[in-house]
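Reminder, nothing fancy here: chain letters follow the sequence lines and each chain counts from 1.
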Amino acid sequence: MRTDWKLVLEDGTVWPGRSFGASRPVTGEVVFNTGMTGYVEALSDPSYRGQILVLTYPLIGNYGVPRALLDTGLPHPFESAAVQVLGLVVTRSEPRYAHHAASQSLATWLAEAGVPAVGGLDTRGLTRRLRALGTMRGRLCPADEAGALAEDTLDMGRLVPAVSRPGVHRFTARPDGKTLILVDCGAKHNILRSLLSRGVNVVRVPWDHDFLKDDLGAGGLFLSNGPGDPTRVPELVERIRRYLQSNRPVFGICLGHQLLALAAGGRTYRLPYGHRSQNQPVVDRLTGRGYITSQNHGYGVDAARLPAGFYEWFVNANDGTNEGIRHARRPWMSVQFHPEAYPGPVETGVLFDEFVQVLNEA
Amino acid sequence: MDPMGVHTGESIVVAPCQTLDNHEYHLLRQVALRTIRHLGIIGECNIQYALDPGSDTYRVIEVNARLSRSSALASKATGYPLAYVAAKLALGRSLLELQNTVTRSTRAFFEPALDYCVVKVPRWDLEKFSEVTTTIGSSMKSVGEVMAIGRDFAEALQKALRMVQVGVCGLEGETTVFQSVEEAIRNPNPYRIFAIANALRQGVTVEQIHKWSRIDPWFLNQCARVIDLEREIAAAGWPLPEEFLRTLKQTGFADAQIGRLAGRSEEEVRALRRELRVTPVRRQIDTLAAEYPAETNYLYLNYDGREDEARAGKAPRVLVLGSGVYRIGSSVEFDWCSVNAVRTCRALGYETIVLNHNPETVSTDFDVCDRLVFDEISLETVLDLVDLERPEGVIVSVGGQTSNNLAVQLARAGVRILGTSAASIDRAEDRHKFSSLCDEVGLDQPRWMEYTGEQDLAEVAARLGFPVLVRPSYVLSGAAMRVVWDQKHLESFLRRAALVSPDHPVVISRFETGSKEIEVDAVADHGDLVVWAICEHIENAGVHSGDATLVIPPQKLYLETVRRVKQATRLLARSLDITGPFNIQFLAKNNRIKVIECNLRASRSAPFVSKATNVNFIDVATRVMLGQPPRGVENHTLDLDYVVVKAPQFSFSRLTGADPTLGVEMASTGEVACFGEDLHEALLKSLAATGFRRPRRGVLLSIGGDKAKAAFLKAAELLRRMHLPLYGTAGTALFLRRHGLAVRQVHKESEGLSPSVVETLFTGAVDLVINIPAEYSDQESRDGYVIRRTAVDLGIPLITNSQLARVAVKALAARSDDQLLALPWSAYRQEAALGAARAAERPAPRGCAAPPGAMEGEA
C-alpha cells in the first residue's frame, strides 16, 4: 500500500496512511472511539464536530452506508443531516461493502460530504499514544505537506453555535401530550425519537433561543448533547440557571449534563482522553444497579464539587468519574452517558420513561 | 461465515460481528438481555440466532443456560474469562465487584471491545473413516479447532487455515482437487473454503459464489482480496518492494506462501523481510481496545504497528511450543504435557512463554504462563518470536508431533532446542537413519522399504512377506494407511492415481500379526534412564496404539520380555543421547521384541502413565531438559498395587455412515482411564466410562474366521453361564451349537432371511454386539459393516476386537457391578506409596512373573 496522506500529531509524530475520503486537509482535536459497530451513527453525531475521529476497530465500512429511511420525519439511522466529524482515521476501510440496506460505500459518503479520511495506519498504536499523552490536536493532510500544524479548521470556541440548527421546529407526538423544549446544542436525532415515541411533543430550539421569554408552552426543558467545552457557552448556562428558579423538570444528556451542573453551581473539567465507547459501565447509586452505556465526551462534571441540593446519581464503575446528577427535591436530572444510544446499548432508555413520568406528573 | 444450517462447531466463526450494523447488533443484544432476565440466568448463557440477511427478521435457535462450546472460544477471543466470572457469580459476587483480570484496573462489568479480528476454523479428520459422509451440517463431526488473531479478516483467515494443519500455506485453491467446484461450494464440506479460493482463481464472481453458498459477500470479497494479491505477487518481480511485502504480511501471507508465488524459498523471503525490516510486533489482547492500560500478557503477532507491547521480565526465558489443533491422534494429552512443562519451568524460576493457537486448551489460558503468544506454531512464527523473546531455548517435545517436527529446522536456524538434540530427533524420525541405528545396536524391527513406483512389486512382496502395511504420503493423496494381504490387492491399491511418486514414496512394511504390542514412556538424562513406565495393549498389534486398550502394570508379559524391553529402552536412550521425554512402541512375540517406532518427545500416553504411576513424567522431563535433574525419582511401573486401564472413546455415532471398526488408522476421539484392584475391575470401570453397559438382555455374536471362533468359545460359555441369551450369525451359531451352546441364529442382510441381524437389534433383545471382522478380508464385507453400524446407530455397545472381547467377557463374569468401587485417586496413591515401601523390602517386584497359563500373543 502506497501512503499518500498522513496524520500529524501535536507531539510531532507522523502517521502515514492512505486517503479514502475527501481531499481536504483539516486540523482539529484527535479522539478515539472503541465501538465495534455503528460508524454511521457515530460519524453523524454532532458531538464530534471539530474532531478527527480514530476508530479502534480495524475493519470499518463493512456494511456500507444505508439509504436514509424517514422515521418520524428524521432520517434513520443517521443522527443528524450531515457527516459531523472533521476527519476519520481507520486501519482498514473496506470499499467492497455488503448489506441489504446499504446504498453507498463509506468512502463515497465521506467524499461527498467533503470529509477527509485516512486508512492504513496503525490505529492501536495511535490510540495507545493518545491514551498515554492525552487528547492532542492533529492534522490530516497530504503526505508531502510540510510545516507545523495549521490553525484549527473550526473555531473550537464556537462549536455549539455551529452545530445548533436555526429556527424553532415543532415535533408533535400527541396533540394532548406534554411538550418539552429541546435546546439543540447538536442534538442527536435519537433524543428526539426517544421523546416522541414516548408521547412527548418536542419543540427544538437553537442553543441561543431565549426560552425564558418564550417557553413555547412547554412544561420542561431538555438539554441535548453537543460538542466541546461547556464553559464556552456561558450565555446558555446563565439562561438555564434562571430557568431553574422555576420548578419545571429539566433533563440533560452529555453536554446538557455539564450545562445543568454548571448552571446549578457545579464545576466541569477536561478529561485526559475522554470516554468514547459503547461499553462504559455506570452504577446507579440509588439502586446499586449497573448499566453498560454508550459515551462520547471529553469533559466531565467534577463529582467533588456538585451543586447544592444535587447528589451523584450515576458513577463510572471503571474510573469513578461522575456519570449523572440529580436534585434531591426538584425534578432536575442529567446523565453524562447517552440513554438515547445509537450507537450502542439501549437499556438506559428507561431514563426517558422516568423523565417523561416526572414531566407528566409536574 | 457459514450461513445457518452448519453446526456452530462445524462453522468458520468470526468475532466480532463483521456484517451487522448497529441496529441489528443491538436488536439481538436486547433479545439476549430479555432472555436471560426471563430465565433468571446467573452465570453464563449462550444464545444462537438466525438473522435474515435481507431484513432484520430473526429467530432464536437455541439458548444454553451454561458454559457452551463457544464459551471457551469467546473467552479466548475477547480475553474475558467467562468461566471464572461465572464461578464468581455462582458464589454470590456481583459483576461490579469483580475486577477485569486482564487490565487489573477496570471492572468485570463491561462488554469487551476488540481492536482485532479472530477467525475460528474447525479441523475434521473424516479421511480417517471409511464409508463416512463428508458433507457437514447440523451435527458436529469436527474434532478440533483453531483460533487465529489478526487486525484484518483475511490475515486471521489465512493464519487459521495454516493452523489446522491440512497441508496448506494459506487460502489456497490448488491443493485440493474438486470434481465439481460448484458442488463443493453449494454443499457444505470441510474443503468448501478451498473450493471458494479455487473458484475465485478461475474467475468465478463473488456474486455467483454467494448464490451457490449464501455466504455473506463481505467474507467472499475478503477472500477475493487474497486472490488479487496473489496475482500481484507473481507480477511484482523480485525483490518485492517493502510496502507491498508489508501489505502481504498484513493480509496474512506466510513467507512460504509468498515464496511459492514468487518462485523463491521461504528462507529468501525471510531474509528479504529482515533486510527491509518487515517484522512483526507483539500486540496485547486487552479487552478494551487500548482504552485503559492493561497488565495483560496475552499477545499475538501482527504487522500493523512498530511498537512491541510485551512486558518482559529479567529472568531467563523458555519458550514452550503447545499442541496446536486437536486432531485424531493429537489431543488434550499434549496440552496436559505443555501445561505441566510450563509449571515446572516457572517453578524453576524461568520466565515462560507459551506459543499455541488452540482455544480449547488450558495452555492458552493467559494466567498459566508468563506470556502467552496466541499464534501459529510454524518455523516462521517461532523464529520471529525467538527474535523478539531471545529465550534460553525452546521446548519442542511436549506439544506432540507438530512442534517436534520443527526441531531440525529450528536448530539449523540457530535456535537452541532444550533437551534431546535436533540431530537425535532427526535420527529417530528419519526411517532410514533409525533403521541403521537399530541395526547398529542390534535391535530388531519389522522389515520395511520405500516404494517409489520403480521397483518390482513381486520382489518387494518376496522381501517383506504378506501381510504388509502400506503408508501413502499424506501430503500427496490424503489417502489412509491400509493393510494388504496379497499381491493382487497391493498392485491395485498402489495403482490408484497420485498415490506414489519418486518424491513421495510409499512406505511398505511387514504387518506383524499375532504379536503383543508394548508401549514404553520414559525420561532420560544425557542418555541415562531416569524414569520409565511399561504398558501393555490388550489388543494384538495392528490396532493403532491410540485406539488400543492400555494396561499398566502389564498383566500378560513374561519377565524376560519386560527385561528385554527395558534393555532396549536403555540402549536407545543411550544411543540417541536422549535428554527429556520419549516413547517407544514394541512388538513382542515369544519373548522376541521388535521396535516399531521411537518418538523423542512426550507421547499420547505420558499423562496416563504419570497419573497411573503417580510420577509426573513431564515434570521430571522438564527438569532434566533445563539441566536440573530431580534426585531420587521413584519408579513404579511394575510394582503397583492396583491396575489402571486406559480405554479409547469413539465418536462413531456422530460420524454418519463411518465403519466402526479398529484398524491401523486411529479413529478414537478421546480416552478415559480407571483404576481397579485388578484388571477386571479397572477394565469394567473404563469401559463403563466410555458408555459401555453390562449386557442384561442378550448378546449378538458374529465372529469371522475359525481361529477367532475357537478362541472365543470359552468366553461364549461364560456368557451363557451368566444366563444371557446368545444370538449368532450362521457360521458363529453353527460353531457354538456344535460345542453345545444354545444360540439363536439370526441372518446377515445378504441372506435376505428373517429374523435378520438388523431386525433383531431393532427389537431391543440385544444389548451387546460382538462382531469380529475376519482378519484376511481386504474389503470388509457389507454384512459386517451393517451389523456394526446398526449397533452404533442404536446405541448398543459394540466390541470388534477378539482379545478385548474375551477379556471383557471374563471381567463381566468375574465382577458384578456392585463390585466396582469408586475410590478417590488419593486412595490409590496412598496404596502406591505403601507399595513402594513394600517393594523396597522385597528383592523382586511383584507382577513380573508370567501369570500361570498366560500366553503371549495368544490369538
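- The contact between A:V346 and chain B is made by backbone and side chain atoms together, counting heavy-atom distances below 4.5 Å.
- For a residue to count as touching a neighbouring chain, one of its non-hydrogen atoms must lie under 4.5 Å from one of that chain's; by this rule B:D152 touches chain A with backbone and side chain alike.
- Atoms OG1 and CD, on A:T37 and B:E24 in that order, are 8.5 Å from each other to the nearest 0.5 Å.
- Contact count against chain A (heavy-atom pairs under 4.5 Å) is highest for B:R151 among B:E242, B:H210, B:E111, B:R151.
- Between B:D228 and A:R96 there is a salt bridge, since a side-chain N of the basic residue sits under 4.0 Å from a carboxylate O of the acidic one.
- Among the candidates A:A101, A:A132, A:A341, A:G290, the residue making the largest number of heavy-atom pairs closer than 4.5 Å to chain B is A:G290.
- Here A:N62 is the residue among A:N62, A:V283, A:T127 with the most heavy-atom pairs under 4.5 Å with chain B.
- Annotation for A:R270: atom CZ counts as buried by contact number, over 12 foreign heavy atoms lying within 6.0 Å.
- Contact count against chain A (heavy-atom pairs under 4.5 Å) is highest for B:G54 among B:G54, B:G305, B:P217, B:S105.
- You'll find the side chain of A:F32 stays beyond 4.5 Å of the side chain of B:D115, heavy atoms only.
- For A:R131 (side chain) and B:A290 (main-chain N/O), a donor-acceptor pair under 3.5 Å exists by modelled atom type.
- Two residues are said to be in side-chain contact when any heavy atoms from C-beta on lie closer than 4.5 Å; A:Q278 and B:H26 meet this criterion.
- Crowding of B:M4 atom CE: a count of heavy atoms from other residues, nucleotides or ligands under 6.0 Å not exceeding 12.
- Annotation for A:A317 and B:L96: closest pair CB-CD2, 3.8 Å, computed over non-hydrogen atoms.
- Heavy atoms closer than 4.5 Å to chain B are found nowhere in A:V65, neither backbone nor side chain.
- Most heavy-atom pairs under 4.5 Å with chain A: of the set B:C117, B:S55, B:S94, B:A224, this distinction falls to B:S55.
- The pair B:R283-A:D122 meets the salt-bridge criterion, since a charged nitrogen lies less than 4.0 angstrom from a carboxylate oxygen.
- Going from atom CG of B:L114 over to atom CG of A:L59 covers 11.0 Å, rounded to the nearest 0.5 Å.
- Contact detail for B:P112 and A:M36: the closest heavy-atom pair is O-CE, 3.5 Å.
- Using a 4.5 Å cut-off between heavy atoms, A:T293 does not touch chain B at all.
- Between the side chain of A:N318 and the backbone N or O of B:R107, at least one donor-acceptor pair lies under 3.5 Å.
- For a residue to count as touching a neighbouring chain, one of its non-hydrogen atoms must lie under 4.5 Å from one of that chain's; by this rule B:F109 touches chain A with backbone and side chain alike.
- To the nearest 0.5 Å, atoms CG (B:D21) and NE2 (A:H100) are separated by 6.5 Å.
- A:T34 touches chain B through backbone and side chain together, each having a heavy atom under 4.5 Å away.
- Shown here is B:L33, whose CG atom has more than 12 heavy atoms of other residues, nucleotides or ligands within 6.0 Å.
- Taking the side chain as every heavy atom from C-beta outward, B:Q250 and A:T91 never approach each other to under 4.5 Å.
- Residue A:E94 holds its CD atom at 6.0 Å from CZ of B:R225, rounded to the nearest 0.5 Å.
- Among all heavy-atom pairs drawn from A:Y342 and B:N22, the shortest one is CD2-ND2, 3.7 Å.
- Put simply, of A:G35, A:P281, A:A102, A:G125, the one with the most heavy-atom pairs under 4.5 Å next to chain B is A:P281.
- Listed here is the closest heavy atom pair of B:D216 and A:A98: OD1-CB, 3.7 Å.
- Judged purely by atom type and a 3.5 angstrom limit, A:Y273 uses its side chain to pair as donor or acceptor with the backbone of B:E291.
- Of the listed residues (B:T103, B:D304, B:T19, B:V206), the greatest number of heavy-atom pairs within a distance under 4.5 Å of chain A belongs to B:D304.
- Remark: B:L288 CG to A:T56 OG1 distance equals 10.0 Å, nearest 0.5 Å.
- The distance from the NE2 atom of A:H99 to the CG atom of B:L20 is 7.0 Å, given to the nearest 0.5 Å.
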| said: Is there a side-chain contact (heavy atoms from CB on, under 4.5 Å) between B:Q284 and A:R128? Walk through the geometry before answering. | reply: CA-CA 11 Å; B:Q284 286 179 331; A:R128 280 165 59 89; 3.7 Å; yes
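- No side-chain heavy atom of A:R124 sits under 4.5 Å from any side-chain heavy atom of B:E307.
- Annotation for B:Y116 and A:P58: closest pair N-CD, 3.8 Å, computed over non-hydrogen atoms.
- The shortest distance between side-chain heavy atoms of B:H23 and A:P77 does not fall below 4.5 Å.
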